[in-house]
*Asks:* 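One structure, as structure tokens, below. Some questions next.
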Amino acid sequence: MFFRPWSACRRLILLGPLGDIVVLDLSRALAGPHAAQMLGDLGARVIKVEHPDGGDESRGWGPPFAGPDHDISTYFLAANRNKQSITVDLKSAEGKELIERLVRQSDVLVENFRTGVLDRLGFSAERLHELNPRLVILSITGFGHDGPEGGRPGYDGIAQGEGGLMSLTGPSPDEPYRVGASIADLLAGIHGAYGVAGALYERERTGKGRVVRTSLLAAVTGVHAYHGTAWTVGGKVPAAGGNHHASIAPYGTFRCSDGMLQIAAANDGQWKKVAALLGIDPADPRYTTNRERFAHRDELIADMERALAAHDRAHWLARLADAGVPAGAIRSIDEVYAWEQTRSQGLVVEVEHPVLGKIELPGPPLRFDGLTGAEHSAPPTLGQDNDSVLAWLRERER
């Protein structure tokens with residue numbers, strides 16, 4: 001399918017590797033919308049389907065809220081750039097007929113209903129592929145679509161706990177913390193988007209779409225990495241260790257005279273540079289290799305912090321940078337978005353919102369060489385594109 005340019009009334013990203021792809025986004029909240037937003041960032045046309053009565057529930061999630069009536073959720077703004085919004089009642093005959101028409105003209109469908117809900121609405125995977133055999137379907141659930149607990153509802157915090165991530169996070173094993181960002185939702189969206197990209201590539205060979213499945217549980221378990229193999233291979237159950245690495249020392253947060261900074265000495269060469277700066281003997285038998293340093297980590301941290309207490313963060317960050325040792329500040333969110341390095345990477349984008357006017361949003365984390373001049377659109381108001389999407393649909397059907 002070739003995707004004609006968007007309506008002139010909407011300023012959207014037009015460039016990208018998925019510029020000829022149409023995505024029908026039936027999802028809501030965060031995991032599914034994040035996946036669809038990523039596809040939109042890659043150039044796809046994303047049509048967000050919302051219920052006429054209130055739309056995506058995240059439109060009501062806050063504070064904070066913005067706008068003259070303080071009714072625009074900044075949460076919703078985070079996951080719905082580069083989309084069009086149409087209102088459809090999926091339980092009505094008219095709504096189902098419209099969805100069928102849109103499915104026939106789409107390349108991808110994204111949904112994150114509880115297992116079985118879409119089937120009961122008359123849109124099982126089999127039915128969707130009858131309507132459009134080339135359709136790639138992304139299905140995101142809480143704990144998987146099958147298995148003994150496949151039907152469980154899932155929210156981010158619950159998945160972080162059930163998937164072991166909370167047990168790895170926090171100051172000690174007795175104080176499990178959830179990750180500050182909704183990491184299970186966001187990772188599920190990322191995994192889903194790359195699964196869609198793979199399925200679209202496969203479709204070029206086979207001519208057929210397929211169902212791509214992921215879950216919040218899968219997303220959390222999928223980032224255990226060395227924590228997972230510590231148990232599956234090493235027989236050790238990892239536990240929360242605060243702001244220090246589970247396998248490398250020194251690698252973590254350290255106090256100096258006016259606060260904290262981070263130092264990461266991932267190899268013996270970097271450690272020797274740190275030791276020289278701080279006046280610690282690198283030949284001390286407790287500290288000669290990572291194995292010894294980790295075994296004596298508490299003593300190492302104490303020795304380092306005694307030396308670091310002599311100066312402030314700015315002093316040490318400059319010295320560590322001169323020595324080529326990875327180190328960094330701990331920035332607040334406002335400092336991150338004011339940081340010129342963040343802005344230089346396209347991680348802040350300006351869009352024109354129909355109510356808020358010009359606003360800045362977190363930008364996409366990918367850039368493609370040779371693609372310049374791309375513009376992004378603000379997350380839509382509820383039903384903002386009903387007329388333009390219907391006009392586009394009629395043109396496609398002709």
*Asks:* Donor-acceptor pair, Arg396 side chain versus Gln105 backbone, under 3.5 Å?
*Replies:* yes
*Asks:* Are Lys83 and Asp385 within salt-bridge range, i.e. N to O under 4.0 Å?
*Replies:* no
*Asks:* Can you find a heavy atom in the side chain of Thr253 that is under 4.5 Å from one in the side chain of Leu261?
*Replies:* no
*Asks:* Does Ala218 offer a backbone N or O that forms a donor-acceptor pair with the side chain of Ser215 under 3.5 Å?
*Replies:* yes
*Asks:* Is it true that Arg127 and Glu100 make a salt bridge, defined as a side-chain N closer than 4.0 Å to a carboxylate O?
*Replies:* yes
*Asks:* For this output row, return yes or no: ring centroids of His244 and Phe294 closer than 6.0 angstrom.
*Replies:* no
*Asks:* Would you check if the distance from the ring center of Phe113 to the ring center of His145 is below 6.0 Å?
*Replies:* no
*Asks:* Check Asp56 with Lys48, please: is the shortest side-chain N to carboxylate O separation under 4.0 Å?
*Replies:* yes
*Asks:* How about His376 and Glu350: do any of their side-chain heavy atoms sit closer than 4.5 Å?
*Replies:* no
*Asks:* Ignoring hydrogens and angles, tell me if any N or O in the side chain of Ser92 forms a donor-acceptor pair with the backbone of Gly95 under 3.5 Å.
*Replies:* yes
*Asks:* Can you tell whether the side chains of Arg59 and Asp71 come within less than 4.0 Å, N to carboxylate O?
*Replies:* no
*Asks:* Do any N or O atoms from the side chain of Ser257 and from the backbone of Asp312 form a donor-acceptor pair under 3.5 angstrom?
*Replies:* yes
*Asks:* For the pair Asp89 and Lys96, find out whether any cationic side-chain nitrogen is under 4.0 Å from an anionic carboxylate oxygen.
*Replies:* no
*Asks:* Any salt bridge between Arg255 and Glu305, counting N to O under 4.0 Å?
*Replies:* no
*Asks:* Would you check if there is a donor-acceptor pair between the side chains of Asp174 and Ser172 at a distance under 3.5 Å?
*Replies:* no
*Asks:* Could you tell me whether the side chain of Arg210 reaches within less than 4.5 Å of the side chain of Arg203, counting heavy atoms only?
*Replies:* no
*Asks:* Can you tell me how far CD1 of Ile72 sits from CZ of Phe65, rounded to the nearest 0.5 angstrom?
*Replies:* 10.5 Å
*Asks:* Taking Arg293 for its side chain and Tyr287 for its backbone only, find out whether a donor-acceptor pair lies under 3.5 Å.
*Replies:* yes
*Asks:* Within the 4.5 Å heavy-atom criterion, are Arg286 and Asp303 side-chain neighbours or not?
*Replies:* yes
*Asks:* For the pair Asp107 and Arg134, find out whether any cationic side-chain nitrogen is under 4.0 Å from an anionic carboxylate oxygen.
*Replies:* no
*Asks:* When you look at CZ of Phe123, are more than 12 heavy atoms from neighbouring residues, nucleotides or ligands closer to it than 6.0 Å?
*Replies:* yes
*Asks:* Report yes or no: does Asn112 contribute a side-chain atom to a donor-acceptor pair with the main-chain N or O of Arg28 at less than 3.5 Å?
*Replies:* yes
